[in-house]
Amino acid sequence: QVQLVESGGGLVQAGGSLRLSCAASGRTFTTYAMGWFRHAPGKEREFVAAIIWRGVSTYYADSVKGRFTISRDNAKNTVYLQMNSLKPEDTAVYYCASTQKPIPVRRLNEYDYWGQGTQVTVSS
């Protein structure tokens, strides 16, 4: 089992920045990838970014490419999402997820574990 705890959400004005953190505990040594997803009201949960835990590959949704950066600290079992140039349409609950098997990292149904989510609200 893996437990994921997100933090760092909040209210920010358009153009501002936030950094989300996701701390993993439990059976983390077999993690293959970790991802960030978001769920806005009236929309389906969508892929934001992902990172291969023991590699260098990162993946981004087109809507956040160039503004968001995913990174990790393996020693702390933590993944980060640095969000810059935030827009009102980025408003959502952001979830961290992890998987222990090689998967298409953009597909949310392939992830094994999920955090509880953290609210990000961007005001115009």
Side-chain angles (χ1 to χ4, degrees):
Q1 290 289 332
V2 173
Q3 294 77 43
L4 303 174
V5 178
E6 302 100 332
S7 61
L11 173 64
V12 64
Q13 288 188 331
S17 299
L18 282 174
R19 189 177 82 154
L20 305 183
S21 299
C22 174
S25 61
R27 194 179 175 86
T28 60
F29 57 90
T30 56
T31 296
Y32 170 74
M34 294 188 71
W36 286 98
F37 293 79
R38 64 188 182 187
H39 193 181
K43 296 185 179 180
E44 295 185 351
R45 190 174 298 192
E46 65 175 2
F47 170 78
V48 175
I51 188 165
I52 304 303
W53 197 244
R54 301 188 189 281
V56 298
S57 298
T58 57
Y59 305 83
Y60 296 94
D62 289 343
S63 59
V64 307
K65 200 172 295 183
R67 299 187 298 123
F68 291 10
T69 302
I70 189 170
S71 62
R72 69 180 190 276
D73 184 332
N74 294 64
K76 295 183 178 179
N77 287 324
T78 299
V79 64
Y80 304 97
L81 185 68
Q82 178 67 43
M83 305 186 295
N84 298 330
S85 302
L86 282 161
K87 304 175 181 179
E89 51 262 45
D90 294 317
T91 296
V93 177
Y94 283 70
Y95 295 90
C96 172
S98 74
T99 177
Q100 298 183 333
K101 57 187 183 294
I103 61 164
V105 295
R106 300 172 187 270
R107 289 164 61 172
L108 65 90
N109 291 334
E110 300 283 357
Y111 284 79
D112 302 310
Y113 304 102
W114 291 82
Q116 81 289 350
T118 185
Q119 177 70 48
V120 171
T121 303
V122 184
S123 63
S124 56

### Query
Please, which pairs that meet disulfide bond (SG atoms under 2.5 Å apart) have at least one residue in residues 90-124, sequence neighbours excluded?
Cys22-Cys96
### Task
Might you work through the side chain to side chain contact (heavy atoms under 4.5 Å, CB included) test for Gln119 and Tyr94, ending with a clear yes or no?
CA-CA 6 Å; Gln119 177 70 48; Tyr94 283 70; over 6 Å; no
### Query
Within the distance-only criterion (no hydrogens, no angle test), does the side chain of Thr91 pair as donor or acceptor with the backbone N or O of Glu89 below 3.5 angstrom?
no
### Task
Can you measure from CD1 (Ile70) to CD1 (Ile51) and round to the nearest 0.5 angstrom?
5.5 Å
### Task
Write down the atom of Ala49, the atom of Leu81, and the distance for their closest heavy-atom approach.
CB-CD1, 4.1 Å
### Glu46 and its side-chain hydrogen bond (donor to acceptor under 3.5 Å, both in side chains) partner, picked from His39, Arg106, Arg38
Arg38
#### Entry: Worked check of side chain to side chain contact (heavy atoms under 4.5 Å, CB included) between Arg54 and Ile52
CA-CA 6 Å; Arg54 301 188 189 281; Ile52 304 303; 5.7 Å; no
### Message
Suppose the criterion is side-chain hydrogen bond (donor to acceptor under 3.5 Å, both in side chains): which pairs have a residue in residues 107-118, not counting sequence neighbours?
### Response
Glu6-Gln116, Thr99-Asp112, Lys101-Asp112, Arg107-Glu110
## Note on the structure
Heavy atoms of Lys76 and Thr78 approach each other most closely as O-OG1, 2.9 Å
### Centroid-centroid under 6.0 Å between Phe47 and Phe37 rings
yes
### Task
Could you list all the ring pair (Phe, Tyr, Trp, His ring centres under 6.0 Å) pairs where at least one residue sits in residues 51-89, not counting sequence neighbours?
none
### Message
Is there a path of hydrophobic side-chain contacts, each under 4.5 Å between heavy atoms, that joins Tyr95 and Met83?
### Response
no
### Task
Indicate, with yes or no, if Leu86 and Val48 share a hydrophobic cluster defined by side-chain heavy-atom contacts under 4.5 Å among Ile, Leu, Val, Met, Phe, Trp and Tyr.
yes
### Message
Under 4.5 Å between side-chain heavy atoms, counting indirect links through other Ile/Leu/Val/Met/Phe/Trp/Tyr residues: same cluster for Val93 and Val120 or not?
### Response
no
### Any pair counted as disulfide bond (SG atoms under 2.5 Å apart), so long as it reaches residues 32-85, sequence neighbours left out
none
### Query
So do Met34 and Val105 actually touch side chain to side chain, heavy atoms under 4.5 Å?
no
Show me the side-chain donor-acceptor pairs of residues 7-21 shorter than 3.5 Å, one per line, residues at least two apart or across chains.
from  : atom 1 : to    : atom 2 : distance (Å)
Ser17 : OG     : Asn84 : OD1    : 2.9

### Query
side-chain hydrogen bond (donor to acceptor under 3.5 Å, both in side chains) between Gln100 and Thr31: does it pass, once the steps are laid out?
CA-CA 4 Å; Gln100 298 183 333; Thr31 296; 5.0 Å; no
### Message
Using side-chain heavy atoms (C-beta onward) and a distance below 4.5 Å, is Ser98 in contact with Leu4?
### Response
yes
### Message
Tell me every residue that passes salt bridge (charged side-chain N to carboxylate O under 4.0 Å, His left out) with Arg67, counting only those two or more places apart in sequence or in another chain.
### Response
Asp90
